Amino acid sequence: MTDYTNLLAGYRRFRANGWATQRNRWAELSEGQHPRSMIIACSDSRCDPAEIFDTSPGEIFVVRNVANLVPPYEVGGGRHGVSAALEFAVMELEVRDIVVMGHGMCGGCGASLSQSFKDAKPGEGGFIAHWIEMLDEARERIVAEHGDDVHGPARRAMEHETVRVGLANLRTFPNIARRESLGLVTLHGAYFAIADGILHLLDEQTGAFEPA
């Protein structure tokens, strides 16, 4: 496991190798960024988009949160970190592709199924509970079909559903819906299976996830 001391050791390796050997690249990035794709992924330590897609700094604009969720467009209450990142990505960076990527063994999906944080106070699980409430409607359908066993097929179904929910919520943002209709941005769904290392892509016409 990586502790803080190991993080600092990693930084020193990066400074001596990656940064030192790619000075031209870093000099270019110091003047600005021009990523063409945005990835919305889970905060889970096992599914780093940069590693999965083998990208270098400056190539992808990434937002990570619990269960790779996209809140729907709304203007009242609270902070809007994901919404702000979306605005920046499409309006300032003009990304051409937005990918919502779910993953296997997602803790947020497990918590949604088990309702383990239900009625918890903020700071004691309440923030998690409120966040994953975005999956409540999908949870009802999945539990009706598969039950709520977090070790059964319901888990994978919920992990897939986070991607569909995210894409649907992306289209509630007027600026994203308009750009999609004009062909200026394309939305994609993906799922990374931790156990076998295979990326699956969502076919929105059939609703199925197929290996990339």
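Predicted model only: the values in this text are computed from it and were never measured.
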Practice task
Can you tell me which residue pairs pass the salt bridge (charged side-chain N to carboxylate O under 4.0 Å, His left out) test with a partner in residues 42-52, sequence neighbours excluded?
Solution key: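 Listed by first then second residue: D44-R46, D48-R64.
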Exercise for the section: List the steps, then state whether salt bridge (charged side-chain N to carboxylate O under 4.0 Å, His left out) holds for E159 with R155. Expected result: CA-CA 6 Å; E159 291 162 353; R155 180 73 160 264; 3.4 Å; yes
Practice task
Answer yes or no for R15 and W19: cation-pi contact, defined as NZ/CZ to six-membered ring centre under 6.0 Å and angle to ring axis within 45°.
Solution key: yes
Practice task
Check the pair E124, K121 against salt bridge (charged side-chain N to carboxylate O under 4.0 Å, His left out), reporting the backbone distance first and the verdict last.
Solution key: CA-CA 5 Å; E124 298 177 6; K121 297 178 181 179; 5.4 Å; no
Report all side-chain donor-acceptor pairs from residues 66-93 shorter than 3.5 Å, counting only partners two or more places apart or in another chain.
residue	atom	partner	partner atom	Å
N68	ND2	T162	OG1	3.0
H80	NE2	G77	O	3.0

Problem - Contacts of R179 that satisfy salt bridge (charged side-chain N to carboxylate O under 4.0 Å, His left out) - sequence neighbours left out - result: none
Problem - Counterpart residues, salt bridge (charged side-chain N to carboxylate O under 4.0 Å, His left out), relative to R25 (two or more places apart) - result: E28
Do you know which two heavy atoms are closest between [X] and [Y], and how far apart they sit?
{"X": "R96", "Y": "G183", "result": "NH2-O, 3.1 Å"}
{"X": "I176", "Y": "L187", "result": "CG2-CD2, 4.2 Å"}
{"X": "Q33", "Y": "P35", "result": "C-CD, 3.4 Å"}

Exercise for the section: Check the pair Y191, H160 against ring pair (Phe, Tyr, Trp, His ring centres under 6.0 Å), reporting the backbone distance first and the verdict last. Expected result: CA-CA 7 Å; Y191 176 86; H160 284 174; 4.6 Å; yes
Problem - Value rounded to 0.5 Å, distance of NE2 in H146 from CZ in R141 - result: 11.0 Å
Fill in the blank from the handout: Under a side-chain separation threshold of 4.5 Å, the hydrophobic residues clustered together with V99 are I39, I52, F53, I60, V62, M101, F192, I194, L199, L201
Completion exercise
Sorted by chain and residue number, the ring-ring contact (aromatic ring centres under 6.0 Å, His included) partners of H200 (sequence neighbours excluded) come out as none
